[in-house]
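A short worksheet on the structure shown next.
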Protein chains: 2
Amino acid sequence: MPSQDIFKALSDPTRRRILKLLQDGSKPAGTLAEAFDMTKGSLSHHFNVLKAADLVRSERRGQQILYSLNTSVFAEVAALMFDLFKVDKKKGRKA
Amino acid sequence: MPSQDIFKALSDPTRRRILKLLQDGSKPAGTLAEAFDMTKGSLSHHFNVLKAADLVRSERRGQQILYSLNTSVFAEVAALMFDLFKVDKKKGRKA
DNA sequence: TTGATATTTTGACATACTTCAAAATAAAGT
DNA sequence: ACTTTATTTTGAAGTATGTCAAAATATCAA
């Protein structure tokens with residue numbers, strides 16, 4: 001999974017809010033949608049982006065679809081951020 | 001500084017590469033531009049976005065402009081990421 | 001199989017983003 | 001003052017993204 005997908009997924013405030021809503025447990029699409037002033041179609045698009053980045057998982061439970069955080073990818077996200085913000089790679093020491 | 005600016009700034013691969021190039025010290029705009037197959041005008045736009053997110057600082061040194069990582073904002077970025085990915089907020093425990 | 005509920009997919013539209021080429025600004029040297 | 005070098009800003013073009021309304025899919029219950 002390209003890291004670009006992860007950064008892109010995190011760049012939208014609606015998607016970050018979805019992630020936060022999932023922090024205290026998985027929720028069906030409709031329940032998540034209630035928290036937003038937006039059509040369910042639009043929300044479904046955001047779910048797709050989050051799934052493409054492997055940040056969430058989905059599972060059908062009867063008529064509804066349960067979304068949950070994919071916690072196993074968080075270590076990778078942490079590594080990406082760490083790599084981006086660590087300093088002093090002991091090279092030429094320009095400035 | 002709105003966190004949206006930070007996430008947006010990080011969502012572009014060119015900008016992330018600029019940050020990585022600055023990890024071993026500050027560099028003038030022209031030196032950074034050499035690393036990319038892109039006009040200097042385009043690069044300058046990316047510098048602006050990174051500056052708006054307070055991720056880099058710039059300082060004029062004669063004819064050139066030195067860019068450097070703003071390391072003091074990294075703690076904030078780390079906090080943003082931590083907040084986004086921490087789980088188990090001991091609420092209803094839905095799933 | 002018909003109907004109701006839950007969700008996704010499609011097609012269209014508007015806004016935002018990335019890029020370029022060219023013009024503008026700034027400092028330094030002649 | 002002019003020229004050169006370094007960089008930014010502007011204006012325009014193409015592409016990507018977020019959104020909606022409407023159509024499509026899937027499950028469940030009569």
Side-chain angles (χ1 to χ4, degrees), chain A residues 1-22 25-70 94-95, chain B residues 1-22 25-70 94-95:
Chain A
M1 64 212 76
S3 66
Q4 173 61 11
D5 291 348
I6 294 179
F7 283 105
K8 264 289 161 57
L10 296 179
S11 73
D12 181 86
T14 298
R15 289 192 290 268
R16 291 198 302 276
R17 222 175 115 209
I18 292 169
L19 292 179
K20 298 210 75 176
L21 286 171
L22 291 175
S26 62
K27 296 184 174 61
T31 303
L32 288 169
E34 286 170 14
F36 296 88
D37 191 17
M38 192 180 294
T39 67
K40 298 193 175 189
S42 298
L43 260 297
S44 190
H45 156 69
H46 288 302
F47 297 150
N48 277 333
V49 175
L50 289 169
K51 261 171 48 170
D54 208 27
L55 290 169
V56 306
R57 291 278 161 79
S58 67
E59 169 195 5
R60 181 173 280 280
R61 189 72 65 95
Q63 282 170 286
Q64 44 196 21
I65 293 184
L66 278 184
Y67 283 95
S68 55
L69 286 184
N70 176 14
K94 280 277 168 53
Chain B
M1 67 211 75
S3 67
Q4 174 59 11
D5 290 349
I6 294 180
F7 284 105
K8 263 291 162 54
L10 296 178
S11 73
D12 182 85
T14 299
R15 290 193 288 267
R16 292 199 300 276
R17 223 175 114 211
I18 291 170
L19 291 178
K20 298 208 75 173
L21 286 170
L22 291 175
S26 63
K27 295 185 175 60
T31 303
L32 288 168
E34 286 170 14
F36 297 87
D37 190 18
M38 193 181 294
T39 67
K40 298 193 175 190
S42 298
L43 260 297
S44 191
H45 156 69
H46 288 301
F47 297 151
N48 278 334
V49 175
L50 289 170
K51 261 171 45 170
D54 209 26
L55 290 169
V56 306
R57 290 278 162 79
S58 68
E59 168 195 6
R60 181 172 278 280
R61 190 71 66 95
Q63 281 170 289
Q64 43 197 21
I65 292 183
L66 279 184
Y67 283 94
S68 55
L69 287 183
N70 176 15
K94 281 278 170 51

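Below, chain A is the first sequence line, B the second, and so on; all start at residue 1. As the structure is a prediction and not an experimental result, all values here were calculated from the model.
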**OP:** Verify side-chain contact (heavy atoms from CB on, under 4.5 Å) between B:Leu19 and B:Leu55, making sure each step is shown before the conclusion.
**Re:** CA-CA 8 Å; B:Leu19 291 178; B:Leu55 290 169; 4.3 Å; yes
Subject >> Side chain B:Gln64, main chain B:Lys27, donor-acceptor under 3.5 Å >> reply: no
Subject >> Any donor-acceptor N/O pair, B:Lys40 side chain to B:Gly30 backbone, under 3.5 Å >> reply: no
**OP:** Among the candidates D:dT7, C:dT8, C:dT19, find the nucleotide nearest to the side-chain atoms of B:His46.
**Re:** C:dT19
**OP:** Would you check if the side chain of A:Glu59 reaches a backbone N or O of A:Ser68 as a donor-acceptor pair within less than 3.5 Å?
**Re:** no
Original post:
Taking the side chain from B:Ser44 and the backbone from B:Gly41, do they hold a donor-acceptor pair closer than 3.5 Å?
Top reply: no
Subject >> Row check, A:Tyr67 ring normal vs A:Arg57 NZ/CZ: under 6.0 Å, within 45° >> reply: no
**OP:** Using whole Å, report how far CG of A:Asp12 lies from C1' of D:dT19.
**Re:** 11 Å
Original post:
Is there a side-chain contact (heavy atoms from CB on, under 4.5 Å) between A:Asp5 and A:Val49 once you walk through the steps?
Top reply: CA-CA 8 Å; A:Asp5 291 348; A:Val49 175; over 6 Å; no
**OP:** Report the nucleotide, chosen from C:dT8, D:dG18, D:dT8, that has the shortest atom-to-atom distance to any side-chain atom of B:Ile65.
**Re:** D:dT8
Original post:
When the distance from CG of B:Leu43 to P of C:dT19 is rounded to whole Å, what number comes out?
Top reply: 9 Å
Subject >> Value in whole Å for how far the P atom of C:dA6 lies from CG of A:Leu66 >> reply: 13 Å
**OP:** Starting from C1' on C:dA4, measure out to CD on A:Gln64 and report it in whole angstrom.
**Re:** 14 Å
**OP:** Measure the spacing between CG of B:Asn70 and NZ of B:Lys51 and express it to the nearest 0.5 Å.
**Re:** 12.0 Å
Original post:
Looking at OG of B:Ser26 and CD1 of B:Ile65, how far apart are the two atoms once the value is rounded to the nearest 0.5 Å?
Top reply: 13.0 Å
**OP:** Using modelled atom types only, decide if a donor and an acceptor are shared between the side chain of B:Arg61 and the backbone of B:Gln63 within a distance under 3.5 Å.
**Re:** no
Original post:
Could you state the CD-P distance from A:Glu59 to C:dT7, rounded to the nearest angstrom?
Top reply: 13 Å
Original post:
Of B:Lys51 and A:Ser11, whose closest DNA chain D nucleotide lies nearer the 5' terminus?
Top reply: B:Lys51
**OP:** Verify, without hydrogens or angle tests, whether B:Arg15 (side chain) and B:His46 (backbone) share a donor-acceptor contact under 3.5 angstrom.
**Re:** no
Original post:
Nearest-Å distance, NE2 (A:His45) to C1' (C:dG11)?
Top reply: 14 Å
**OP:** Indicate whether OP1 or OP2 belonging to D:dA6 is found under 4.0 Å from a side-chain N or O atom of B:Tyr67.
**Re:** no
Original post:
Does A:Phe7 have B:Arg16 sitting over its ring (NZ/CZ under 6.0 Å from centre, angle to axis within 45°)?
Top reply: yes
Original post:
Rounded to whole angstrom units, what separation is found between the CG atom of B:Leu32 and the P atom of D:dT7?
Top reply: 9 Å
**OP:** Compute the bend angle of the helix from C:dT1-D:dA30 to C:dT30-D:dA1 from the end axes (five pairs per end), rounded to 10°.
**Re:** 10°
Original post:
Once each nucleotide of nucleotides 25-30 of chain D is scored for protein heavy atoms under 4.0 Å, what B/S/- sequence comes out, 5' to 3'?
Top reply: -SBS--
Subject >> Nearest-Å distance for atom pair CD1/P, residues B:Ile18 and C:dT18 >> reply: 11 Å
Original post:
More 5' along DNA chain C: A:Asn48 or A:Lys8, using each one's nearest nucleotide?
Top reply: A:Asn48
Subject >> DNA chain C contacts made by residues 35-42 of chain A, counting heavy atoms under 4.0 Å >> reply: A:Lys40, A:Gly41
